[in-house]
Amino acid sequence: MYVRRSAAVLAAAAVIGAAAPAIAADSSPSASPSASPKPAYPAGLYGTTDPTYDGVWRQSLAMLAQNTVGVKPAPKAVDWLVGQQCANGAFAPYRADAAADCDAKTPVDTNNTAAAVQALVALGGHDAATSKAVTWLKSVQNRDGGWGYMPGGASDTNSTSVVIGALVTAGEKPADVRKDGQSAYDALKQLTLPCKGDDGGAFAFQPDKKGKLLANADATAAGVLGSLGKGLVVSAGKDAPAQKCVDAGYPASQQAAVNGARYLTEALAKDGHLTSALPGAEDQPDYGNTADAVVALAALSGADAAEKPLRWLEQNSAKWAEQSGPAAYAQLILAAHATGADPRDFGGADLVEQLNATGPAPQAAAKTTNEEKSKDDSPFGVWWYVGIFLVVGIGIGFLLSGRKKGPQA
């Protein structure tokens, strides 16, 4: 999920030449003045807010989430995503005119490209597009083995991890994808805080200006998945959670995941959710990062490890998801999938129905409604009932006919 809300911030920062870490602010743009006409966005796009910075990201998450529950997206939704790819294989967050060629000013990035790869591989039938995208991702790998949000940008935990997910999904081995002898796992290791210090085991987004690593919960959730070699869609893992941060006991990348999961567990222990801390604002519950943490903890240790934050999301995330749109619904569905929870009854909400309503009507859903299921479970079938009604109807006809005639004289 990594850039679900920070993509807009990071991309905007790149445009104005400033570097910024992933933050917890919602990327949903402010409402346009009433005098301004609402722009028309493509019919195949999920959501109704400005897709400039997150169009491909939210489209990819939406279709990944649908795929986990057997929902087949509308063809125009898939076509829109494929159409956002540039000739070199990269994806921009949003190209209003997909028929125009990409050029040096097209803001392609690793996160949207990696998310699109994972979605298109899951849907199937897009090998040429995903192969080109993977080739492009490899071409912009940094010398430390990692990836930044924009090509050439300093490596960060979130970008490196989502690219790992794309590589794994596409059948690549991230440990074998190297630049100057360094792999993505090497890059992630350099972004972990040592156990002996404060916040030991956490991941930083990037080193700060002085080269110091600062713990970041969003980056830690991403780093756990990246270190495990997992994509955006995960199944429950079986590794026992660590009781404390340790520097040995597992292979290097898995050790980073175990320590990161321990940090998240401690961060979630008090309230069951993570908290956003923005300058000048009161701390607020961070729904998106909490959903990411659920996925990360479940990926390592299974549903029990993520039970407390999952229950908190079930009870508290409805309003946030409604306001935030398709990517938020997708995050919750992916959290439910990772823990074996029912996304169609998530705190009383049907997340699948809510997600589907944010985009073009899907082709089909694998799971039927209760009414349809009860009909399907009948041992006789529809035509048996039709036959019964015909026989009953004929009998009633004879009775009515006899009454009309009356007794014979």
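Heavy-atom basis, side chains included; hydrogens, waters and symmetry copies ignored.
- Heavy-atom contacts from other residues, nucleotides or ligands closer than 6.0 Å to CG of D198 number 12 or fewer.
- Within the model, atoms CD of Q315 and CG of L310 stand 10.0 Å from one another, a figure rounded to the nearest 0.5 Å.
- Atom NZ of K308 is surrounded by more than 12 heavy atoms from other residues, nucleotides or ligands within 6.0 Å.
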- Carefully, step by step, assess D156 and T160 under the rule side chain to side chain contact (heavy atoms under 4.5 Å, CB included). CA-CA 6 Å; D156 66 75; T160 300; 5.7 Å; no
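- Between Y41 and Y94, the ring planes lie perpendicular to each other; the angle is over 60°, past the 30° to 60° tilted range.
- Remark: the backbone N or O of N158 is not paired with any side-chain donor or acceptor of S161 at under 3.5 angstrom.
- In terms of modelled atom types and a separation under 3.5 Å, the side chain of W147 and the main chain of L137 share a donor-acceptor contact.
- Annotation: the span from E353 atom CD to R344 atom CZ amounts to 9.0 Å, rounded to 0.5 Å.
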- Given V177 and Q141, is the side chain to side chain contact (heavy atoms under 4.5 Å, CB included) satisfied, shown in steps? CA-CA 9 Å; V177 178; Q141 186 177 19; 3.6 Å; yes
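- Under the 4.5 Å side-chain criterion, counting only non-hydrogen atoms from C-beta, R95 is in contact with C86.
- Between the side chain of K132 and the backbone N or O of A87 there is at least one donor-acceptor pair closer than 3.5 Å.
- Considering only heavy atoms from C-beta on, F205 stays 4.5 Å or farther from T157 through its side chain.
- Annotation: the span from L334 atom CG to L61 atom CG amounts to 6.0 Å, rounded to 0.5 Å.
- You'll find the side chain of F346 stays beyond 4.5 Å of the side chain of Q354, heavy atoms only.
- When side chains are defined from C-beta on, V78 counts as touching M63, because their heavy atoms get closer than 4.5 Å.
- Within the 4.5 Å cutoff, no side-chain heavy atoms of Q182 are placed close to those of K179.
- Residues D144 and Q190 have side chains that never bring a donor and an acceptor to within less than 3.5 angstrom of each other.
- At least one side-chain heavy atom of P73 sits less than 4.5 Å from a side-chain heavy atom of L123.
- Few gaps surround CZ on R178; more than 12 heavy atoms of other groups in view lie less than 6.0 Å from it.
- Inter-residue side-chain proximity for F203 and N216 is flagged as unmet; no heavy-atom pair is nearer than 4.5 Å.
- For the residue pair N356 / Q66, a side-chain donor-acceptor distance below 3.5 Å is found, with atom types taken as modelled.
- With hydrogens and angles left out, the side-chain atoms of Q59 and D54 include no donor and acceptor closer than 3.5 Å.
- One N or O on the side chain of S301 and one on the backbone of D239 form a donor-acceptor pair closer than 3.5 Å.
- A donor-acceptor contact closer than 3.5 angstrom links the side chains of R58 and T49.
- Proximity of a side-chain donor or acceptor of Q284 to a complementary backbone N or O of T275 within less than 3.5 Å is not detected.
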- Query: Yes or no on side chain to side chain contact (heavy atoms under 4.5 Å, CB included) for D109 and Y53, after CA distance, side-chain angles and deciding distance?
  - Reply: CA-CA 10 Å; D109 68 80; Y53 299 114; over 6 Å; no
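- For the pair S60/Q118, no side-chain contact is recorded, criterion being any heavy-atom separation below 4.5 Å from C-beta on.
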- Worked check of side chain to side chain contact (heavy atoms under 4.5 Å, CB included) between T106 and F91: CA-CA 9 Å; T106 304; F91 282 79; over 6 Å; no
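- In this structure, a donor-acceptor pair under 3.5 Å is present between the side chains of N142 and S155.
- Not a single donor-acceptor pair under 3.5 Å links the side chain of N259 to the backbone N or O of A256.
- The CG atom of L193 lies 9.0 Å from the NZ atom of K212; values are rounded to the nearest 0.5 Å.
- Using a cut-off of 4.0 Å between Lys/Arg side-chain N and Asp/Glu carboxylate O, K319 and E322 are scored as not salt-bridged.
- The environment of CG in D283 is crowded: more than 12 heavy-atom neighbours from other residues, nucleotides or ligands sit within 6.0 Å.
- Counting only N and O atoms by type, the side chains of S159 and N111 include a donor and acceptor under 3.5 Å apart.
- Counting only distance, with no hydrogens or angles, the side chain of S324 and the backbone of A321 share no donor-acceptor pair below 3.5 Å.
- Side-chain atoms of T110 come within 3.5 Å of backbone atoms of G148 as a donor-acceptor pair (strictly under, hydrogens ignored).
- In this structure, A116 and V56 approach most closely via the heavy-atom pair CB-CG1, 4.0 Å.
- Rounding to the nearest 0.5 Å gives a distance of 8.0 Å between CG of D350 and CG of D342.
- Panel note: side chain D271, backbone H273; no donor-acceptor pair is recorded below 3.5 Å.
- In this structure, T68 contributes its side chain and A65 its backbone to a donor-acceptor pair below 3.5 Å.
- With rounding to the nearest 0.5 angstrom, the CG atom of D79 is 11.5 Å from the CD atom of Q84.
- Ring pair W312/Y287: centre-to-centre distance below 6.0 Å.
- Pairing each heavy atom of A217 with each of L274, the nearest pair is CB-CD1, 3.8 Å.
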